[in-house]
*Asks:* 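Here it is: the structure, laid out below.
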Amino acid sequence: MNKVKLLSFLVIALSLNACQTVPLPPQEDETNDSVVSEKDNVEIKKVKAPVIDDAVTASPVVTTLLEQAQEYQKAGNISAAVSALERAIRIAPRYAESYYELGEIRYAEGNNSQAKALGQKAISLGATGWLRAQSLQLIDNASK
Amino acid sequence: MRGASYYNPTRNAKRAKTRRNLVLDITVREGLIEEKIARMAKMKRLVLGDKSISDQKRYPAYLDLVRRQLQRDYNAEDLASNGLSIFTHFDPLVQLSAESSLAKMVTKQQKEQMPNLEGAVVVTRPNTGAVIAIVGGSNARYAGFNRAIDAQRQVGSLIKPAVFLTAIQQYEAYNLASLVSDEEYSLFIKEGDDWNPQNYDQENHGDVLLYDALVKSYNVSTARLGNELGLGAIIETIHKLGIEQEIAALPSLTLGAIAMSPFEVSQMYQTLAADGFYTPLMAISAVVDPQNTVLTSYPLAVEQRFDTASIYMLRHALRGVTHDGTGKALQWLIPDFAVAGKTGTTNSLRDSWFAGFSGDMMSVVWLGKDDNSSTGLTGSSGALRVWADIIKQRSQLPIQNIVPENVEISWVDRETGLGSQESCRNTMPLPFIVGTSPAVETECDSGVDNVINWFRGILD
């Protein structure tokens, strides 16, 4: 099994820009390998925790692309912003924030159906905290 | 910039002639991206430019899709200019795995006196709909009949998730623990024939849990359930999953008496892989002119067509296929790597199918013969093996399951579907919409036989 340990290549983003801080969504089971049941003195071997979904953490590449997208938007270059976000999605397809940001652009363009769908997609990928609240707001706005 | 690759395409410096008709040449080159990104993305874009190379015919099936999608979306005149670059989602490493895995199976079957086996493979990325590899036949270099896109074959049990999804969405009426009868079933059809479907093992299994009817691919209980749900509702689900063809409302639809191409099946399973979001399959990411102006891009467009809870429950059963059901060979073919999927086998073993997904790949494999004679292979013994090879070689992320807020996991008795407890014998956890878990019935014998390890991974 060609399991590349991508975690060893990731540098945890140290960007302290408050707008960029994204809390980690809940991870898959990370409990102990086994549990001894007191009743029966039988060891129940738990399933190994699956490879942690590295795409949900903020890799520097993705963070940079999201920052670039914001800069492009400020400069009014929407198509470049969209390209940057789509590239971020291609690189980290389970990183929820990329979808949310794309949804905000679609909303600004008046494309409510895509805005709503992309907000929903961010939720389905496990958006929590700030990102979840923003996505829900986007869905709400785009549903009006 | 070029790194090591399996192949070493010879660059041909000839310029393409100007023609009225669309001319597509391939230049495969490394993207100009950082090493780190290359490792993470595991993707090298196939770029069609105006430089031709001697092995431009190397990927005819994939190019075929590119051409069709361009022709669908543009006039020939728009694209006839020289020097257009067409950026695609092609992944040569995945393509090679898909080709070699299929070839391995075909060769094996030849040795076992089953010549002329054909096949097709489609591989996509679950969340974006990017098509990354297509194999159109056992001879991948042959630019002829593209079975991946054009072979219309009966899908058999691959349709069953659509039946069960229809039921599961009606969460007040059905859940994974609902009992369905697998006893002898026959349906009177207008023309005077009775329809009397049989299970693959020719047995009847009494009352079975909805979960088991899907996981073990029982025909009888599925047919009965389908009749209860009504063909209209099932057809609507199939359309929502992304199938556009007209579908005849025949009872045998519930057992897959419907023809689809592997590409169509891929669109259907893509929606399941993408958590219920319809995600159109795309080969092209952008078309760029020689001045590097983007003529058009194919933007990511998704649409939530099913609620996340229903999809979560269905996917749980599709994981069950790979543990307790017809796909359990995956436990030793791809050990310790969670995936989900469905086997499909048609009458007389004419078609062998497997459709499934991990966290970063969705793939459909079909095996069959062009003359529609028997392959001697079930979905399990045939297509599943090819699928497993591809996933094992190229997938890096097991299936990711985020439990929706309105879903709870409850223990049920494996035989009766009644509420149970973790410490009981013969019990298993299943997901339910909050408030629909079966009531916990009488006390049970405690014990830890029949422990089903894989479920415990889903409990936090």
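Here is how names work: the chains are called A, B, and so on, in the same order as the sequence lines, proteins then strands, and each is numbered from 1.
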*Asks:* Is there a donor-acceptor pair closer than 3.5 Å between any side-chain N or O of E303(B) and the backbone N or O of A117(A)?
*Replies:*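 Checked: no pair found.
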*Asks:* Can you see which heavy atom on T128(B) is nearest to which on P93(A), and at what distance?
*Replies:*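 For T128(B) and P93(A), the tightest heavy-atom pair comes out as CG2-CB, 4.4 Å.
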*Asks:* Checking the side chain of Q114(A) only, and the main-chain atoms of V302(B) only, is there a donor and an acceptor separated by less than 3.5 Å?
*Replies:*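 Checking the backbone N and O of V302(B) against the side chain of Q114(A), a donor-acceptor pair under 3.5 Å is found.
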*Asks:* So for Y298(B), is it side chain, backbone, both, or neither that comes closer than 4.5 Å to the heavy atoms of chain A?
*Replies:*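 Contact with chain A: backbone only.
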*Asks:* Considering all heavy atoms of both residues, which atom of I402(B) and which atom of S124(A) are nearest to each other, and what is their separation?
*Replies:*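 Closest approach of I402(B) to S124(A): CD1-O, 3.7 Å.
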*Asks:* Show your reasoning for whether side chain to side chain contact (heavy atoms under 4.5 Å, CB included) applies to R90(A) and H89(B).
*Replies:* CA-CA 9 Å; R90(A) 191 162 58 235; H89(B) 295 293; 4.3 Å; yes
*Asks:* Relative to chain A, which segment of A274(B) carries a heavy atom at a distance below 4.5 Å: side chain, backbone, both, or neither?
*Replies:*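 A274(B) touches chain A through backbone and side-chain heavy atoms alike.
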*Asks:* Checking L300(B) against L118(A) for the side chain to side chain contact (heavy atoms under 4.5 Å, CB included) test, could you report, in this order, the C-alpha distance in whole Å, the side-chain angles of both residues, the deciding distance, and whether it holds?
*Replies:* CA-CA 9 Å; L300(B) 175 71; L118(A) 288 161; 4.3 Å; yes
*Asks:* With a 4.5 angstrom heavy-atom cut-off, is it the side chain or the backbone of P404(B) that approaches chain A, or both, or neither?
*Replies:*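 No part of it gets close to chain A.
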*Asks:* Considering only heavy atoms and a distance below 4.5 Å, find which of K116(A), R106(A), E86(A) pairs most often with chain B.
*Replies:*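 Most heavy-atom pairs under 4.5 Å with chain B: E86(A).
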*Asks:* Side chain to side chain contact (heavy atoms under 4.5 Å, CB included) for L125(A) and Q400(B)? Distances and angles first, verdict last.
*Replies:* CA-CA 9 Å; L125(A) 289 168; Q400(B) 305 289 302; over 6 Å; no
*Asks:* Measure the CZ-CG distance between R94(A) and L397(B) for me, rounded to the nearest 0.5 Å.
*Replies:*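 R94(A) atom CZ to L397(B) atom CG measures 6.5 Å (nearest 0.5 Å).
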